[in-house]
Amino acid sequence: MIKFIKVTGQSLSPAYQEGDFVMIVTVPSFLFKPGNTVVFQHPTYGIMIKKILRVDPMGLFVTGTHPLSIDSRQFGLIERRSVLGVVAWHIRRPKR
């Protein structure tokens with residue numbers, strides 16, 4: 001399945017900015033690799049976009065690149081089944 005998501009927040013800035021779009025694709029969880037950017041549903045924070053830092057048998061350790069990013073350093077591993085998709089294409093918002 002393919003889906004387009006609008007980026008909100010600064011979690012992965014400067015690479016991903018508020019207003020950018022990403023195209024995500026669903027892939028089997030055994031294909032998740034460190035360095036992949038994923039969009040997932042977090043029970044407290046809602047839909048989030050982060051980079052996979054580490055793949056663990058219990059889940060994924062994800063991080064943002066912004067110093068104030070809320071990520072696995074605060075909420076721990078995410079479940080593989082919470083991943084909505086892996087970013088396959090990044091569409092930057094037009095510069096003004």
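Keep in mind that this is a model prediction, so the values were computed, not measured.
Looking at T26, its side chain does come within 3.5 Å of a backbone N or O of M1 through a donor-acceptor pair. Side-chain atoms of R80 come within 3.5 Å of backbone N or O of S29 as a donor-acceptor pair. In this structure, N36 contributes its side chain and I52 its backbone to no donor-acceptor pair below 3.5 Å. Of the possible donor and acceptor atoms, none in the side chain of E18 sits under 3.5 Å from a partner among the backbone N and O of T8. With hydrogens and angles disregarded, a donor-acceptor distance shorter than 3.5 Å links the side chain of R92 to the backbone of A15.
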Candidate pair I70 and F75, rule side chain to side chain contact (heavy atoms under 4.5 Å, CB included), full reasoning: CA-CA 8 Å; I70 299 205; F75 54 69; 3.9 Å; yes

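A distance of 6.5 Å separates OG in S69 from CE in M48, rounded to the nearest 0.5 Å. Here the straight-line distance linking atom CZ of R73 with atom CZ of F61 works out to 7.0 Å at 0.5 Å rounding. Atoms CZ and CG, from R54 and L77 in turn, are 6.5 Å apart once rounded to the nearest 0.5 Å.
Using the six-membered ring where Trp is involved, H42 and Y45 have ring planes that are tilted, between 30° and 60° apart.
Scanning all heavy atoms of the two residues, the minimum distance from T63 to L12 falls at O-CD2, 3.9 Å. Closest heavy-atom contact between S13 and T65: O-OG1, 2.8 Å. Taking both residues in full, the closest heavy atoms of I49 and V22 are given as CD1-CG1, 4.2 Å, listed atom of the first, atom of the second, then distance. The heavy-atom pair separating P34 from L53 by the smallest distance is CB-O, 3.6 Å. Of all heavy-atom pairs between Q10 and H66, the closest is O-CB, 3.0 Å. In terms of heavy-atom proximity, F40 sits nearest to K50 at CE2-CG, 3.5 Å.
Both V87 and I5 are members of a single hydrophobic cluster when ILVMFWY side chains are connected at heavy-atom separations under 4.5 Å. L68 and V7 fall into different hydrophobic clusters, defined by Ile, Leu, Val, Met, Phe, Trp and Tyr side-chain heavy atoms under 4.5 Å apart, directly or through other members. Note on V38: it does not cluster hydrophobically with L84, by side-chain heavy-atom contacts below 4.5 Å among ILVMFWY residues. Cluster membership for V83 and W89, using ILVMFWY side-chain heavy atoms within less than 4.5 angstrom, is shared. Note on V55 and V25: same hydrophobic cluster, where clusters join Ile, Leu, Val, Met, Phe, Trp and Tyr whose side-chain heavy atoms are under 4.5 Å apart, directly or indirectly.
Summarising the local packing, CD of Q41 is surrounded by more than 12 heavy atoms from other residues, nucleotides or ligands at distances under 6.0 Å.
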